[in-house]
Amino acid sequence: MNTTVARLTARGLFGRRRVLILLAVPVLLLVISVIARNSTLDKLELAHSILGNLALGTLVPITGLIVGTGVIATEIEDGSIVYLLAKPLPRWQIVTTKLAVAIGATWLLAALPTYVAGLIVYGTADNLALGYALGTVVAGTAYSALFLLLGVVTRHAVIAGLAYALIWESLIGNYVEGARTLSVQQWGLSVTQAIAADGTVTAPVGLTTAVWLLIVAAVGATALASVKLSGLTLNGEE
């Protein structure tokens with residue numbers, strides 16, 4: 001990891017306008033959690049709706065998309081990446097450093113608010129808040145790697161990422177049984193099930209399968225992004 005690249009990446013990522021967008025969903029999650037805390041609805045179902053549907057199903061992919069593409073796509077688009085590529089740095093080190101920043105930001109902006117929301121809505125009972133928080137940690141890691149790869153391979157990374165998150169993850173991955181095995185959201189839910197008390201969370205993908213798929217997705221996307229970035233010339237053309 002290169003500290004200079006990390007510092008510059010973080011500075012660019014947390015620009016004033018992007019920070020407002022990044023903070024919008026976690027703040028909304030916490031506001032909804034505070035309001036729902038006094039609801040007369042079943043607490044477990046309410047927790048699943050807020051932590052599963054809103055946090056794991058919406059907050060994490062949106063944050064991963066903005067952060068994952070934001071750490072590199074903007075630089076490629078405006079051509080400023082050439083200054084970084086001109087430095088005597090291995091391309092894989094550039095990618096892994098930017099990915100580390102993206103993962104850290106995703107944990108801060110998605111996993112931490114998810115844990116706090118869980119404590120507000122359900123407390124520490126059944127390890128539910130912790131389970132969903134760790135589910136968002138692993139899902140956020142995979143999303144960050146996948147969306148960083150999109151930021152390298154296409155100039156329409158945000159559109160492609162939204163299509164993936166909305167169509168595959170939210171629609172197909174939730175309602176088509178066979179497709180759930182290839183859903184990052186469902187992989188995160190498997191980790192949640194493993195942490196939470198028995199019977200409180202149901203995941204359609206086994207934990208071992210989910211863990212291996214998370215590793216393959218994250219490592220594979222990082223490796224492919226490194227190879228793709230190595231193919232960029234200093235004038236920004238492939």
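Applying the side-chain contact (heavy atoms from CB on, under 4.5 Å) rule to A139 yields the partners L56, V60, Y143, V184; only residues at least two apart in sequence or on another chain are considered. By the side chain to side chain donor-acceptor pair (under 3.5 Å) test, T9 is found to be paired with K98, residues two or more places apart in sequence or in another chain being considered. A197 pairs by the side-chain contact (heavy atoms from CB on, under 4.5 Å) definition with D126, T200, not counting sequence neighbours. T106 pairs by the side chain to side chain donor-acceptor pair (under 3.5 Å) definition with S144, not counting sequence neighbours. Listed by chain and number, the residues in a side chain to side chain donor-acceptor pair (under 3.5 Å) with Y164 are E169 (sequence neighbours excluded). Shown here are the side chain to side chain donor-acceptor pair (under 3.5 Å) partners of T114, two or more places apart in sequence or in another chain: there are none.
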Next on the checklist: One pair to check against side chain to side chain contact (heavy atoms under 4.5 Å, CB included): S49 and L54. What are the steps and the verdict?
Outcome noted: CA-CA 7 Å; S49 296; L54 184 55; over 6 Å; no
Next on the checklist: side chain to side chain contact (heavy atoms under 4.5 Å, CB included) for V227 and R91? Distances and angles first, verdict last.
Outcome noted: CA-CA 8 Å; V227 171; R91 302 295 170 86; over 6 Å; no
Next on the checklist: Could you walk me through whether T69 and L148 satisfy the side chain to side chain contact (heavy atoms under 4.5 Å, CB included) test, starting with their C-alpha distance in whole Å, then the side-chain angles of each, then the deciding distance to 0.1 Å, before giving a yes or no?
Outcome noted: CA-CA 5 Å; T69 58; L148 185 146; over 6 Å; no
Next on the checklist: If you apply the rule side chain to side chain contact (heavy atoms under 4.5 Å, CB included), what do you find for V121 with L51, and how did you get there?
Outcome noted: CA-CA 9 Å; V121 174; L51 303 179; 5.8 Å; no
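The closest donor-acceptor contact from the side chain of D42 to the backbone of E45 lies under 3.5 Å. Between the side chain of T97 and the main chain of A6, no donor-acceptor pair closer than 3.5 Å is present.
Of all heavy-atom pairs spanning V138 and G188, the tightest one is CG2-CA, 4.0 Å. Smallest separation of non-hydrogen atoms from V205 and Q186: CG2-CB, 4.1 Å. Between L59 and P113, the closest heavy-atom pair is CD2-CB, 4.5 Å. When every heavy atom of W187 is checked against every heavy atom of L214, the shortest pair comes out as CE3-CD2, 3.6 Å. What you find for G151 and I72 is that their closest heavy atoms are C-CG2, 4.2 Å. For Y132 against G52, the heavy-atom pair with the smallest separation is CE2-CA, 3.6 Å.
Atoms CG and CH2, on L207 and W212 in that order, are 12.5 Å from each other to the nearest 0.5 Å. We find the CD1-OG distance between I50 and S33 to be 4.5 Å, quoted to the nearest 0.5 Å. Distance check: T181 OG1 to L213 CG gives 7.5 Å after rounding to the nearest 0.5 Å. Rounded to the nearest 0.5 Å, atoms CG (N127) and CG (D198) are 11.0 Å apart. A distance of 6.0 Å separates CG of L130 from OH of Y115, quoted to the nearest 0.5 Å. Interatomic distance, L22 CG to I66 CD1, rounded to the nearest 0.5 Å: 5.0 Å.
Hydrophobic clustering places I32 together with V25 (ILVMFWY residues linked when any side-chain heavy atoms are closer than 4.5 Å, directly or through intermediates). Put simply, L150 and V219 are part of the same group of oily side chains (I, L, V, M, F, W, Y) that touch within less than 4.5 Å, one to the next. In terms of hydrophobic clustering, with Ile, Leu, Val, Met, Phe, Trp and Tyr side chains grouped at heavy-atom distances under 4.5 Å, L89 and L229 are assigned to a common cluster. Residues V137 and L108 fall into different hydrophobic clusters, defined by Ile, Leu, Val, Met, Phe, Trp and Tyr side chains chained together at heavy-atom separations under 4.5 Å. L182 and L65 fall within the same hydrophobic cluster, where Ile, Leu, Val, Met, Phe, Trp and Tyr residues are linked whenever their side-chain heavy atoms come under 4.5 Å apart, directly or through other members.
The side-chain heavy atoms of T58 and N53, taken from C-beta on, include no pair separated by under 4.5 Å. A 4.5 Å side-chain heavy-atom check between L128 and H48 finds at least one atom pair inside the cut-off.
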